[in-house]
Amino acid sequence: MKTVFWLLDVNYEVKDHKPEVWIWGIDDDDKRILIIDRNFLPYFYLVVKQKENPQPIIETLESLKADYPLIKKFELVNRRFFGKSVTAIKVVCQDPTVISKHARSLEKINGIKNRLEDDIRYSMRYLIDNNVIPCSWHEIEVEEIENNFGVQVDKLYVASTFPRTIEKNEIPELRILAFSTISYSRQGAPRPEKNPVIIISVCTNVGDEKQFVAKGSDDKAVIESFVKYVRNFDPDILAGYDTNRQDWPYLLSRSKKLGIKLSVTRANTEPHRSVYGHVSVTGRANIDFFGFADELPEVKIKTLENVADFFGVMKIEKHTLIEDIDFSSYWENPEKRSILLKFSRENTQSIIGIAKAMLDFAVQLSSLVSLPLDHVGTVAVGFRVEWYLIKEAYRIGELIPKRRERPYISYVGGVVLKPKPGVHENVTILDFKAMYPNIMITENLSPDTYVSSSEPEPACGVNIAPEVKHRFRKEPAGFYKVMLSNVIGVRDRMRLEMKKLDPKSAEYLALDAGQTAVKVITNALYGYTGWIGARWYMKPVAEAAAAWGRHSILNTIELAKKIGLEVIYGDTDSIFVKYEPTKIKRLSEIITEKFGLEIKPDQIYIRVLFTEAKKRYCGLLPDGRLDTVGLEVVRGDWAAVAKNAQEKVLEIILKEQTPLKAAEFVRQSISDLRKKRVPYKDLIIWKTLTKPIKAYKVRAPHIEAAKRLMEAGWDLSVGDKIGYVIVAGSGRLHERAKPYVLAAYDDVDIEYYIAKQLVPVASRILALFSIGGDTLIPSRTPQTLLEFAEN
DNA sequence: GCCTGATTTCTACCA
DNA sequence: ACTGGTAGAAATCAGGCG
């Protein structure tokens, strides 16, 4: 019989050296199904040395077959490697677990250059080779079998053929369950060996809400009821926030300690740690939305409440907020316990809201790059690009290079012009549309088209990059050109399709998420080629793209000047010019003709302010909004009190054009700050731990604050944000940096915030109008002046 | 030992 | 574990001075 399904999750099992791919899906009748496919065998390649006769090698291999009983066959194949034809022997095995071992030993055979693709996981191999795509529809010939191994599905099948993708756009009705947990410890961070999980809140996308609450410190029932609830609701998606790092590991350890089985998977097993630091829940997609927070540059501190606020799921003013450190006091106090419960409930509501807002993107990205839905959010951008490339490579017979360690060598990137400081009226930004991708297409930049300096020029001719002089074959179209053209074509079709739809419809939103996913991958390809961790790392490709980019922008600036357009600033692929439509039109026509690149006016600023600094400016848009770029206002590592003041200064200057009024506003802010009229949270400075504490060479304030947190029992790891305030006292700054949760308002050194936060950011702007920082500080008492002098 | 300017370290931003 | 270019703060180093 035939069945049609949408792919939710994939895993594999090996039984008696025989592999089985387990395909978890949802069929077109909304049934949850599992298809077991026993028809696919893993393999790897042995690349034959150039000019070597492969026949004797095959014979040698055949003669060794008795030593390798799990090898099924050797197959001589023609492939490409970095565009050059190679002869390879495809070694097909029975058991995926022996691939790596056999590959290592067989590559030593005479006449073999190296082994390849032994580092591709079996389940991914299955997806790539059979063009099976996560979060997409397929049809397949199957036989139904009896469900006698207790998996939680409506139907269980064995595959008779491989799945085939079919054109079908809608996403099935997914059952989503969001959850969050709170653990209790009287002192320090909770430890699963001794501290209970006191609250688990769940919330589903069909509006069901539930809380499992410990009686005293007995949490056995809490976890058991949670497991029961999950099994009963049978979600397709388990949504959480930082669950891969926090909730799942804790629940797993805690269950072990209590002797409970956390059997929440569809295979009745426990979740397990998988690749890329993610937790896999077999048969479901465990999505940790924290992994997608990188897609939201607007949110500086990626806490759950901030992300929920960003999506309008739960406005931060309405969100009950309790610091970890206070959990125990809320739990212990019968009057305050209900607030803790409310906090937990709101967290879970936030998660379900974020899930609804971001799931489309996750689904589209998963489908685009062929990484399972639960993985795609946890992997870095480079790997997303790489999986897309791997899929493309398979299609054109290009072998997948090994990842290897390389020395880091930098190269010259984009040009950045010195801005003309001051306020300019009626300015527009001319942007090159997708500059790097377009350069890569027109110049055929690709790992497989690069002609090294030792090689003779091919008959088809070469494109030579300016300055760096790297050469790239004109023909045939390179791997990247094919990929980029495909992907841009897909995006154009999506956007065309969107025009026919109601912007509020589900299809429109899905397409919009899809075109965003495509854009993310397209824009990351240039960076990928210059990344030393890339399988297809090829510095000349990145270097040449950058060189052509500089060439284009510098020529554009020259031309603009010739036409009589004043250039105020420029960075990499954009120039800021006075808005003069006819001149701009002429300029863009010449550029298109000369470079095959498209430039178009993006937005128009009524006024735009530049200081001396590059990459920092603020423009006033026709609708009255400010577009602030690079300045402290948009940075996450300045106290809000300073950011707010700078924003107001910019607003007064750009809208009312009264710098004196802006200065007066700053004086007022300082006076408010001295009177403690500014909320405590506006004094917090946030900085990220970018490496393990021990790896730091200097005693930076946020590192000292982090150490204090750890002394107080916090678990900190790379990537965590440290929020600290500067407290009054003597000594160096780092000695006075205290975690905000361990300090109080009265400890704060207000004068620090004035002298080192508020005044510098305000005067950076006001200096343009000859207003010095010293004129911004209202007179102080002699005592404070002394304190100030001491610093 | 203190002061000062230069250099290094660190983070977060822009394209 | 995408790139290079950049600003800015604070720590730290290096050299001059007495």
Side-chain angles (χ1 to χ4, degrees), chain A residues 276-277 294 297-298 300-301 378-386 388-389 403 405-406 408-419 429 431-436 520-539 541-547 549-550 553 569-576 602 611-617 627-639 642-643 685-691 695-704 706 718-719 721-722 726 731-737 752 755-757 760-761 763-764 791:
Chain A
Y276 307 119
D294 277 351
E298 300 91 336
K300 303 295 171 186
I301 317 293
T378 61
V379 304
V381 183
F383 295 100
R384 293 179 189 167
V385 173
E386 192 151 274
Y388 186 94
L389 290 174
R403 198 181 302 290
E405 261 187 60
R406 306 180 161 88
Y408 169 77
I409 310 161
S410 78
Y411 62 89
V412 185
V415 270
V416 189
L417 302 188
K418 267 195 186 146
I429 310 176
D431 267 322
F432 278 92
K433 198 183 141 202
M435 188 176 79
Y436 288 138
V520 166
I521 295 301
T522 313
N523 289 343
L525 184 64
Y526 155 75
Y528 172 84
T529 69
W531 169 42
I532 54 168
R535 288 175 186 266
W536 277 283
Y537 170 72
M538 175 93 10
K539 198 184 77 160
V541 173
E543 205 171 18
R550 292 194 296 276
I553 194 93
Y569 175 64
D571 184 351
T572 312
D573 63 353
S574 67
I575 58 169
F576 289 56
D602 185 17
T611 67
E612 302 268 340
K614 296 170 172 180
K615 295 186 185 275
R616 300 178 151 222
Y617 54 89
D627 184 25
T628 311
V629 179
L631 292 161
E632 283 76 6
V633 173
V634 296
R635 291 181 64 99
D637 58 349
W638 283 82
K643 303 206 304 173
I685 299 163
W686 292 92
K687 278 200 168 79
T688 311
L689 275 185
T690 60
K691 48 190 170 187
Y696 282 92
K697 293 178 182 164
V698 294
R699 297 169 81 90
H702 72 297
I703 302 308
E704 296 307 300
V718 173
K721 293 267 185 203
I722 311 298
I726 300 300
R732 306 247 244 152
L733 193 62
H734 66 247
E735 294 172 69
R736 299 192 286 121
Y752 167 82
K756 298 289 181 176
Q757 290 270 323
V761 303
S763 51
R764 253 195 275 291
N791 298 325

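The chains referred to below are lettered A, B, ... by the order of the sequence lines, with proteins before strands, and numbering in each begins at 1. As the structure is a prediction and not an experimental result, all values here were calculated from the model.
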- Task: Figure out the CZ/P separation between R635(A) and dC10(B), and round it to whole Å.
- Result: 16 Å
- Query: Between the main-chain N or O of D637(A) and the side-chain N or O of K300(A), is there a donor-acceptor pair closer than 3.5 Å?
  - Reply: no
- For the side chain of R550(A) and the backbone of V412(A), is there at least one donor-acceptor N/O pair under 3.5 Å apart? yes
- Task: Scan K691(A) against the nucleic acid and name what it touches under 4.0 Å (heavy atoms): base, sugar-phosphate only, or nothing.
- Result: sugar-phosphate
- Task: Taking side chain to side chain donor-acceptor pair (under 3.5 Å) as the test, write out the residues that go with D431(A), two or more places apart.
- Result: none
- May I ask you to say what R384(A) touches in the nucleic acid, namely base, sugar-phosphate or nothing, with a heavy-atom cut-off under 4.0 Å? nothing
- Task: Could you label the plane-to-plane angle of the Y526(A) and Y436(A) rings as parallel, tilted or perpendicular, counting under 30° as parallel and over 60° as perpendicular?
- Result: parallel
- Query: Can you give the first and last nucleotides of DNA chain C, 5' to 3', that have an atom under 4.0 Å from a heavy atom of chain A?
  - Reply: dA1(C) to dT12(C)
- Task: Quick one: label W536(A) by what it contacts on the DNA or RNA (base, sugar-phosphate, nothing), any heavy atom closer than 4.0 Å.
- Result: nothing
- For every nucleotide of nucleotides 3-8 of chain B, 5' to 3': is a protein heavy atom under 4.0 Å from its base (B), only from its sugar-phosphate (S), or from neither (-)? ------
- Task: Describe the nucleic acid contact of Y537(A) in one word from base, sugar-phosphate, nothing, applying a heavy-atom distance below 4.0 Å.
- Result: nothing
- Any salt bridge between E632(A) and R616(A), counting N to O under 4.0 Å? yes
- Message: Under 4.0 Å from OP1 or OP2 of dT11(B): is there any side-chain N or O of T688(A) that close?
- Response: no
- Query: Can you find a heavy atom in the side chain of I703(A) that is under 4.5 Å from one in the side chain of L689(A)?
  - Reply: yes
- Are L389(A) and L525(A) side-chain neighbours, meaning at least one heavy-atom pair lies under 4.5 Å? yes
- Query: Contact class for K615(A) vs. all strands (heavy atom < 4.0 Å): base, sugar-phosphate, or nothing?
  - Reply: base
- Message: Does A542(A) reach a base, just sugar-phosphate, or nothing at all? Heavy atoms under 4.0 Å.
- Response: nothing
- Message: Distance check needed: dC14(B) C1' versus E632(A) CD, whole Å only.
- Response: 14 Å
- Identify whether any heavy atom of Y696(A) sits under 4.0 Å from a base atom; if not, whether one sits that close to sugar-phosphate; answer base, sugar-phosphate or nothing. sugar-phosphate
- Under 3.5 Å, side chain of T611(A) to main-chain N/O of A613(A), donor-acceptor pair present? yes
- Task: Report the distance from atom OH of Y436(A) to atom P of dC14(B), rounded to the nearest whole Å.
- Result: 16 Å
- Using whole Å, report how far NZ of K687(A) lies from P of dT9(B). 17 Å
- Query: How would you list, by chain and number, every residue that makes a salt bridge (charged side-chain N to carboxylate O under 4.0 Å, His left out) with R403(A), sequence neighbours excluded?
  - Reply: E386(A)
- Message: Any base atoms under 4.0 Å from V415(A), or only sugar-phosphate, or nothing? Heavy atoms, all strands.
- Response: nothing
- E543(A): partners by salt bridge (charged side-chain N to carboxylate O under 4.0 Å, His left out), with sequence neighbours left out: none
- Query: Which part of the nucleic acid, if any, lies within contact of K721(A), taking any heavy atom under 4.0 Å across all strands shown: a base, the sugar-phosphate backbone alone, or nothing?
  - Reply: sugar-phosphate
- Describe the nucleic acid contact of R403(A) in one word from base, sugar-phosphate, nothing, applying a heavy-atom distance below 4.0 Å. nothing
- K615(A): side chain to side chain donor-acceptor pair (under 3.5 Å) partners, not counting sequence neighbours: D571(A)
- Query: Which sits closer to the 5' end of DNA chain C, W531(A) or W638(A), going by the nucleotide each is nearest to?
  - Reply: W531(A)
- Query: When we call it a touch if two heavy atoms are under 4.0 Å apart, what does G533(A) touch: a base, just sugar-phosphate, or nothing?
  - Reply: nothing
- Task: Answer with base, sugar-phosphate or nothing: what part of the nucleic acid does R699(A) contact at a heavy-atom distance below 4.0 Å?
- Result: sugar-phosphate
- Message: Between P on dC14(B) and OH on Y617(A), what's the gap in Å once rounded to a whole number?
- Response: 8 Å
- Message: Using a 4.0 Å heavy-atom cut-off, does G382(A) contact any base of the nucleic acid, only the sugar-phosphate backbone, or nothing at all?
- Response: sugar-phosphate
- Task: Using a heavy-atom cut-off of under 4.0 Å over every strand shown, decide if Y569(A) touches base, sugar-phosphate, or nothing.
- Result: nothing
